[in-house]
Every structure is written in C-alpha cells, then in structure tokens.
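Data block below; observations after.
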Amino acid sequence: MSETMVGAYEPKSAGSSIGPYSFEEFIEAARAFHNYPAPGLLLGGIMVDEAMRHMPEGVLFDAISETSWCLPDAVQMLTPCTIGNGWLKVINLGRYAVTLYDKHTGEGVRIGLDQDELAKHKDIDIWLMKKLPKPEQDSDGLREAIRLHGRSLLTIQPVQVRESMMQRRGKGAIGECPICKEAYPLKHGGVCRGCQGEAPYASESVESAGPALRAVPLSEAVGRRIAHDVTRVEPGVSKGVFLRKGQMIDIGDVCRLQQIGRANIYLEENQPEGDWVHEDTAAEAFAKAMSGPGVVAEGSPREGKVNLIAEEDGLFLADVERLERFNCLPQVMAACRKSGSVVTAGTRVAGTRAIPLYISSDHFRTALGLLESGPLFSMHPLSKPKTAVLITGTEVFEGRIEDKFAETMAGKLGAFGIEPFRTMIEPDDADRIAAAVERLAAEGCELLLTTAGLSVDPDDVTRQGLVQAGVTDMLYGMPVLPGAMTLVARRGPMRILGTPACALFHKTTSLDILLPRLLAGLEITRANLSTLANGGLCRECRVCVYPKCSFGT
C-alpha cells in the first residue's frame, strides 16, 4: 500500500473488517507476521483501522505507538509505517494507544481504550487488566469478544503532535569505530555506542593493570626528573603537591621523600612501552571535551587531575546521564557540583582525571568518544525578565489581613537583581484572576509569579483562573516539601510560577529551586521535576543555610 493512499484499501465491511482483511483473515495474517494471533494484535488492528478511517484520504502520515507490546506490529501490518523506515515511533508510555498524524502538519488522531466500556466485557477486561493468568483465560471467548465489541471500546481524540516528534531521522556521516573496527554513525561520538559501554553483552576481558613501569630507588634518582606529581598529606593540616611532574630531584628531596615513606620513584625518562596515555594528558583532554559554555579548566593538571570552574555567574548544569555513563568506563572519573546549582564566576564546578598513572589508549579513546557528542558541563546566565507578581486572596484584597507576599517575592527576586514592574492583588475570583493575567500579558510581562490560592480549599481558585486565561503546559505539584503545590505554566511567551502559601512561613521552598531554572530559560517537565524528590525534603533547620545544605540537591 502506498504511503499516500490512506484509504486505498476497500474494506469488506465497516463493522468487522480490519484494513483489507476480514476478521478471520486478519487472524491468519497476524499468525504469519507475529507467530501468534495475540489478542493485543487483533485489538491493535481494529485500533489502527479506526485511526486510518479518521485520516483524510491521500495524506502522508506517520504513526506513534504508546506501547512496545503487539500494537507496533498492527501498525506495520496495516500501514506503510515501520520501525525500520522511521515512520513508526514507539514511545513506551505503557498505554495501549496509537496515533496517526500528518507528516507535515502534525495533525492527527489518537485511538485509545475506554476503561468504562472495557469493564463491560468480562473476557477483554480479564485479559487487558491481567486479572487471571494467561492459561486460565478463555482465548476463544476473548477473540470473539474483540471481534464483536472491539470497536465499541475505542476512544477517538484529535491531537497535535509536537514539532520535535516530526523531525526526520538520519544516520549522518558514517565512520569506522577505532575500537571494534565496525561502521557506525559518527554523530554518536568518537567511538561507537557499543564501545562506550552500551553493548548488551557481558565482557570477558580482564581490565589491564597498567604498563610495567620500572621503579628506581631514591638513591639513584638524584639529578633525574620525576614522572608524576607527589602529594604530601599532613592529617588535619594540609594536602598538596610536594613534588611536581618533571621536577629535578635533589638530595634534599630524597630526604623529604623518605620522611613521607617513599623508597622508590618513577622517572620521566622511563616511559612505558606500548600504547599508553599519561594521566596529565588524559585529564587535560577530558577537561577540554567536558567544558561547555561558561566552563573552563582551572589551570594545568595537578596530581593528575584538572578542575573546572565557572567562567560566569549563572546556573550550572550537568548532563547527568552521560556523566554517569562516563563514570561507568574503566580507568577514568569525573565529579561535579549538583546540576542546577546557582554559582558565581570562579567557583569550582567539576573535576576529572584518569585513575592510574598511565591509562590504556583503548580506554582513553573510548572515554573521549563518549565526550565527543557534546560537553558534560555548562553555565547558563540568569536573565532579568520583565516580571510581575499577582497576589490572590479575598482576605488580603479586602484588607482583613496584611499582605506579606509582596515583600517576600520582592526579596526572592531582588536576590537576582529583578524588581517587579507591577504587583497586583486580586480576590479569590477565577474571572478576576484570569483578567489580571491577560492584562499583565498585554503589558509585556515575561515572568509572572502568582501567590497562594493553590491548595485544595474550595475558595482557592488561582489555578482555575490561570486555565481561564489560556495558560498551557501546566504542571501542578512537585515532589518537594515545603512547596508541593507549586505550579508552572506558560501563556504564550510569558512563563508562570505559582507559589503556595507555605512560602510565607518557610524561608526556603520549591520557589527557591524553580526560580533560577526559569531565569535560565530552561524547559521544566514532569520528568525533571521528579528528580527533585531525592533531596526535596527540607530539614527545616533552626538557622537556614540554604543553598549550603542538602535541600534541592
């Protein structure tokens, strides 16, 4: 079937057919394609067929499956969309739903399952909700129920697919991996992902213990150059470089080395045989590759390590996933401050090194390959958007209690050099709150802080007012205490941060974590909010020292 001809097949009947097949024919086709006419594939066929009936004839379309079980096979059996050609995207949300959408506009239809309708059909309900083990399910009754009632179980929803999902995939340039010697897309980095540690196979190789270096007694080292920094530690007093790499050793150095328990030394002249990289060379290369905008090396390697510092004030971010992957590699390490920390220029934010004195070239290339897909660390300057504060609460609006939020918000914003251009107070009235938001948007407000009205009380209607004002991308609630009822949203270019009333009592709340992220222009999603749970419980210390504490880290 041509991808342009959505309605090209001629169904045998609108009720029982699945694409060009009768239900019985589709069972046999499913058996041939899937090796078994699984109930999920039969129901999936009905869902895909229904989606195609709702797509305009002749449109070029792609598909999204929200599960990796059975449903993708139904898409591939009935449409030109396959995983191989990239027109089918499997995003495993764990939901049994399929979407077909216009390749160019993103407009489409999502077909899901109606749980209320599903519960009316015993065999289907038992199967989908796994209420009985598979051997105890009535397979014949289940197939018949799907044939008779499958279409009545469907929900049909028009959707607009995000632009990011409409981007065409491409391999890009291809090269040979220097480690495994196999071809791979160069955009994955300097080595293939398998050699970056993502291969699904157990490794039988034994990690190298390093080159066979010749140690020289101190009595023979006078007048010769040392191969590495030597650290001296005085417990509770100091720790630092005692001798620098390349330094000429004199008789006084010999005495001092003996005092700290050294009897032998590696010399610069005794370079290892084979393919090895010195710790300083490795650390310098790692530091350069890890440093993104606003992050630079703090001088030359010391003790085989390079520290990285912030070149400007702002929000420090780390690519945590790739940082963890880097630290899964042998013979290397990197560590950093908590991603999301606000730091000033000159602050040390990260450090990296090779673990042994000499790292194998294979491990060195593998580590660099992972880093070549982009830096790990970056600084994001904090903007000073045109900001307004909207305080909600009838008791404040009518003057029955004195407002304290204006002062609190002014202090929080002032810490970032921001002065609100307008502070408004509105009663607990959704219409008035919506009108205030619309007025502020018309005045060019770029960041709006709303206060209070976010709890479960019936009079708290701030969220309802924001919805009436046409906000989008609303996220309500986060795993942080205090401040669980925080809200973030957008209205066109204006970003909105809803602060619960706890900010009047607690010095530090979720507001202090989210505000810098908004000022840095970061996207805030439910997924990255969930990462705040680990460290999201304030200890409510008698004297607050935030951010020099575990809250928000």
Side-chain angles (χ1 to χ4, degrees), residues 30 33-52 55 61-103 106 108-115 118 124-131 133-134 142 146 150 153-171 185 187-188 193-194 196-201 319-322 324-325 328 373 473 475 479 523-531 533-534:
F33 187 87
H34 192 75
N35 197 44
Y36 171 69
L41 182 51
L42 302 182
L43 183 58
I46 294 173
M47 297 170 72
V48 174
D49 180 75
E50 189 66 29
M52 295 178 73
M55 292 294 289
F61 67 86
D62 280 359
I64 295 173
S65 173
E66 296 182 25
T67 177
S68 59
W69 296 95
C70 295
L71 191 51
D73 279 3
V75 175
Q76 294 178 112
M77 288 179 65
L78 295 172
T79 79
C81 304
T82 71
I83 294 173
N85 65 22
W87 301 343
L88 167 60
K89 300 174 179 66
V90 179
I91 304 174
N92 193 12
L93 304 179
R95 305 187 298 199
Y96 217 77
V98 65
T99 296
L100 301 184
Y101 64 95
D102 187 304
K103 289 177 181 285
V109 60
R110 179 184 186 269
I111 308 296
L113 297 178
D114 186 327
Q115 291 298 119
L118 183 142
I124 301 177
D125 184 48
I126 288 173
W127 160 73
L128 188 64
M129 305 308 292
K130 294 187 179 296
K131 294 181 177 180
K134 187 175 292 186
L142 175 56
I146 291 174
L153 305 177
L154 307 184
T155 62
I156 304 168
Q157 175 188 5
V159 292
Q160 174 66 49
V161 174
R162 292 179 180 175
E163 186 175 348
S164 60
M165 293 298 301
M166 298 164 58
Q167 296 174 356
R168 314 314 300 171
R169 69 174 187 173
K171 289 183 180 179
K187 66 182 181 181
H188 290 175
R193 286 180 172 173
Q196 290 177 27
E198 295 184 48
Y201 315 111
D319 187 333
V320 176
E321 180 182 353
R322 290 176 55 243
E324 291 175 354
R325 284 168 51 199
C328 285
S373 58
D473 301 321
L475 296 174
E523 290 297 320
I524 296 176
T525 66
R526 180 63 65 192
N528 55 43
L529 285 180
S530 70
T531 65
N534 184 16

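All values derive from a computational prediction rather than experimental measurement.
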* Excluding sequence neighbours, so at least two apart, what forms side-chain contact (heavy atoms from CB on, under 4.5 Å) with Thr82? -> Gln76, Asn85
* So which pairs with a foot in residues 81-93 pass salt bridge (charged side-chain N to carboxylate O under 4.0 Å, His left out), sequence neighbours left out? -> Asp62-Lys89
* Can you tell me how far CE of Met47 sits from OG of Ser65, rounded to the nearest 0.5 angstrom? -> 8.5 Å
* To do: Check whether any side-chain heavy atom of Trp87 lies under 4.5 Å from a side-chain heavy atom of Thr79, and answer yes or no.
  => no
* Restricting to pairs with a member in residues 63-74, which pass salt bridge (charged side-chain N to carboxylate O under 4.0 Å, His left out), not counting sequence neighbours? -> Glu66-Arg95, Glu66-Arg110
* Excluding sequence neighbours, so at least two apart, what forms salt bridge (Lys or Arg N to Asp or Glu O under 4.0 Å) with Glu324? -> none
* Asked: With a cut-off of 6.0 Å (strictly less than), are more than 12 heavy atoms of other residues, nucleotides or ligands near CE of Met129?
  -> no
* Taking all heavy atoms of Leu142 and all of Pro39, pick out the closest pair and write down the distance. => CD2-CG, 3.4 Å
Expected list for residues 153-162: side-chain donor-acceptor pairs under 3.5 angstrom, two or more places apart:
| unit_1 | atom_1 | unit_2 | atom_2 | d |
| --- | --- | --- | --- | --- |
| Thr155 | OG1 | Gly112 | N | 3.3 |
| Gln160 | NE2 | Thr105 | O | 2.8 |

* **From CG (Leu41) to CG (Asn35), nearest 0.5 Å** => 11.5 Å
* Structure fact -> salt bridge (Lys or Arg N to Asp or Glu O under 4.0 Å) filter on Asp114, not counting sequence neighbours, yields none
* Which residue pairs pass the salt bridge (charged side-chain N to carboxylate O under 4.0 Å, His left out) test with at least one member in residues 39-48, sequence neighbours excluded? -> none
* To do: Compare all side-chain heavy atoms of Val48 with those of Met77 and state whether any distance is below 4.5 angstrom.
  => no
* Asked: Hey, are the side chains of Arg322 and Arg325 touching, using non-hydrogen atoms and a 4.5 Å cut-off?
  -> yes
* Asp49 versus Leu78, closest heavy-atom pair with distance -> N-CD1, 4.4 Å
* Structure fact -> Rounding to 0.5 Å, atoms CD1 (Ile91) and CD1 (Ile64) come to a distance of 5.0 Å
* Asked: Between Tyr96 and Leu118, is any pair of side-chain heavy atoms under 4.5 Å apart?
  -> no
* **All salt bridge (Lys or Arg N to Asp or Glu O under 4.0 Å) counterparts of Lys131, not counting sequence neighbours** => Asp125
* To do: For residues Gly45 and Ala74, report the shortest heavy-atom separation together with the two atoms involved.
  => N-CB, 3.6 Å
* Work out which heavy atom in Met55 is nearest to a heavy atom in Phe61; give both atom names and the distance. => CE-CB, 3.8 Å
* Is the shortest heavy-atom distance from the side chain of Asn92 to the side chain of Thr67 under 4.5 Å? -> yes
* Structure fact -> Contacts of Pro185 meeting side-chain contact (heavy atoms from CB on, under 4.5 Å) (sequence neighbours excluded), chain-then-number -> Ile174, Lys187, His188
* Atom CG in Asn528, atom CD in Glu523: separation rounded to 0.5 Å? -> 9.0 Å
* Side-chain heavy atoms of Gln115 within contact of Leu128, under 4.5 Å -> yes
* Structure fact -> Sorted by chain and number, sequence neighbours left out, side-chain contact (heavy atoms from CB on, under 4.5 Å) with Thr531 holds for none
* Asked: Which heavy atom in Ala63 sits nearest to a heavy atom in Leu100, and how many Å separate them?
  -> CB-CD2, 3.5 Å
* Taking salt bridge (Lys or Arg N to Asp or Glu O under 4.0 Å) as the test, write out the residues that go with Asp102, two or more places apart. => none
* Non-neighbouring partners of Pro200 that pass side-chain contact (heavy atoms from CB on, under 4.5 Å), sequence neighbours left out -> none
